[in-house]
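All of these numbers come straight from a predicted model, not from anything done at the bench.
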Amino acid sequence: MTTTTQKLSFEDYLAYSDGTDTRYELIDGALVPMSLGTGKHGAIISFLTRQFEDTITQTEQPWVALPALVGIRSPRGRRWDTSRIPDVTVLPLAQWEAMENREAVIDFNEPPPLLVVEVISPSTQADDYRSKRSEYGLLEIPEYWIVDPLENKVAICLLDHEFYDLSEFHGETLIQSPTLPVLKLTAAQILAGKL
């Protein structure tokens, strides 16, 4: 559901406040409120964030995993601006710390995140598989996960020339992540949101 009829620029979006705690994505200049999702949706986000953080610590990478705290300005190729907020974002710690005194949005002139995750819900299914896959590819995000509890699968999209090659994982199949190669999770564990 779109809450604004007037189109906003990216700068207007960054300055926008309606006096509530509602978080919005900017889609073609329109504010779109982000719903809370189901408990399962939240459990998957929380689980993956913890698992990513544990792996980052184990491998001593200077990275951070953040649950829906970072926006990414998106090149939709249309007249109006778009800014997405992935369910989980992995990026260099220095990049996150550089956002301390500004809006936590990665702009076009900044390096892309290392990995982003979207957890499917009925209202985001088409966007997560189609629009975001295209947008994240153009932004050259190396790895994009689509966790789909509706279809009981996890898709790992790996960048190849601004387009993602997609591999699907089901059940007890071990996920293969080039960004986090020591991560040992099955699709079933991710979809359950627990080990």
Side-chain angles (χ1 to χ4, degrees), residues 37 39-74 83-120 124 128-129 132-149 152-195:
K40 184 173 190 171
H41 188 271
I44 292 169
I45 293 168
S46 180
F47 174 73
L48 281 175
T49 303
R50 283 193 317 272
Q51 295 302 311
F52 290 172
E53 277 293 318
D54 289 349
T55 302
I56 289 166
T57 299
Q58 175 189 350
T59 58
E60 299 179 350
Q61 293 291 342
W63 303 341
V64 63
L66 301 164
L69 295 175
V70 177
I72 302 170
R73 190 170 182 189
S74 178
S83 183
R84 302 290 191 175
I85 303 173
D87 289 322
V88 182
T89 304
V90 176
L91 70 158
L93 181 59
Q95 188 174 12
W96 170 241
E97 290 171 343
M99 297 179 199
E100 180 178 1
N101 295 311
R102 66 173 180 92
E103 293 291 333
V105 177
I106 298 171
D107 207 341
F108 296 137
N109 64 337
E110 299 174 90
L114 304 166
L115 183 153
V116 294
V117 178
E118 297 289 0
V119 180
I120 298 288
T124 66
D128 290 344
Y129 275 108
K132 292 179 186 178
R133 185 174 171 190
S134 173
E135 292 167 36
Y136 293 163
L138 289 173
L139 289 168
E140 298 186 351
I141 298 171
E143 191 169 336
Y144 170 37
W145 291 26
I146 305 169
V147 179
D148 190 343
N152 288 314
K153 63 184 176 183
V154 177
I156 306 293
C157 304
L158 301 178
L159 191 66
D160 184 15
H161 298 91
E162 295 184 357
F163 185 78
Y164 286 115
D165 292 328
L166 183 141
S167 299
E168 291 185 354
F169 298 85
H170 303 267
E172 298 304 315
T173 307
L174 203 60
I175 298 296
Q176 297 172 356
S177 167
T179 305
L180 301 167
V182 302
L183 187 68
K184 302 292 183 218
L185 292 175
T186 65
Q189 290 170 325
I190 293 168
L191 291 163
K194 60 185 176 185
L195 294 176

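Leu180 is not listed as a side-chain neighbour of Gln61, based on a closest heavy-atom distance of 4.5 Å or more. Side-chain contact between Phe52 and Val117: present, with at least one pair of heavy atoms (C-beta onward) separated by less than 4.5 Å. Side chains of Ile106 and Met99 form a contact here, defined as non-hydrogen atoms less than 4.5 Å apart. For the pair Phe163 and Arg133, the minimum side-chain heavy-atom distance is below 4.5 Å. Proximity of Tyr144 to Glu118: side-chain heavy atoms (C-beta onward) are separated by under 4.5 Å at one or more points. At least one side-chain heavy atom of Val64 sits under 4.5 Å from a side-chain heavy atom of Glu53. Contact of the Pro149 side chain with the Ile120 side chain is registered, since non-hydrogen atoms from C-beta on lie closer than 4.5 Å. The shortest side-chain heavy-atom distance between Trp63 and Thr179 falls under the 4.5 Å cut-off.
Atom CG of residue Leu183 and atom CD1 of residue Ile190 lie 7.0 Å apart, to the nearest 0.5 angstrom. Taking NZ from Lys153 and OG1 from Thr173, the interatomic distance works out to 13.0 Å, rounded to the nearest 0.5 Å. With rounding to the nearest 0.5 angstrom, the OG atom of Ser177 is 8.0 Å from the CG atom of Leu158. Once rounded to the nearest 0.5 Å, the distance linking CG of Leu114 with CD1 of Ile56 reads 8.0 Å. Put simply, OG1 on Thr59 and CG on Asp54 are 10.5 Å apart, with the number rounded to the nearest 0.5 Å. With rounding to the nearest 0.5 angstrom, the NE2 atom of His170 is 9.5 Å from the CG atom of Asp148.
Across every non-hydrogen atom of Ile72 and Pro113, the tightest pair is CD1-CG, 3.6 Å. The heavy-atom pair separating Tyr164 from Pro142 by the smallest distance is CE2-O, 4.1 Å. Nearest heavy atom pair, residue Thr186 against residue Gly171, reads CB-O, 3.7 Å. Taking both residues in full, the closest heavy atoms of Trp145 and Val154 are given as CE3-CG1, 4.5 Å, listed atom of the first, atom of the second, then distance. Of all the heavy atoms in Ile156 and Gln176, the pair that sits closest is CG2-O, 4.1 Å. Taking each heavy atom of Leu139 and Ser74 in turn, the nearest pair found is CD1-CA, 4.2 Å.
Summarising the local packing, CD of Gln58 is surrounded by more than 12 heavy atoms from other residues, nucleotides or ligands at distances under 6.0 Å.
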Legend entry - Worked verdict on Leu159 versus Tyr136 for side-chain contact (heavy atoms from CB on, under 4.5 Å): CA-CA 9 Å; Leu159 191 66; Tyr136 293 163; over 6 Å; no
Inset, instruction - Apply side-chain contact (heavy atoms from CB on, under 4.5 Å) to Thr89 and Trp96, showing your working. - result: CA-CA 10 Å; Thr89 304; Trp96 170 241; over 6 Å; no
Inset, instruction - Please test Ile146 against Lys132 for side-chain contact (heavy atoms from CB on, under 4.5 Å), starting from the C-alpha separation and ending with a verdict. - result: CA-CA 10 Å; Ile146 305 169; Lys132 292 179 186 178; over 6 Å; no
Inset, instruction - Evaluate the side-chain contact (heavy atoms from CB on, under 4.5 Å) criterion for residues His41 and Asp87: first the C-alpha distance (whole Å), next the side-chain angles of each, then the deciding distance (0.1 Å), finally the verdict. - result: CA-CA 9 Å; His41 188 271; Asp87 289 322; 3.6 Å; yes
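Between the side chain of Ser46 and the backbone N or O of Gly42, no donor-acceptor pair lies under 3.5 Å. Side chain of Gln95 to main chain of Pro111: a donor-acceptor pair is present (N/O by atom type, distance under 3.5 Å, no hydrogens or angles).
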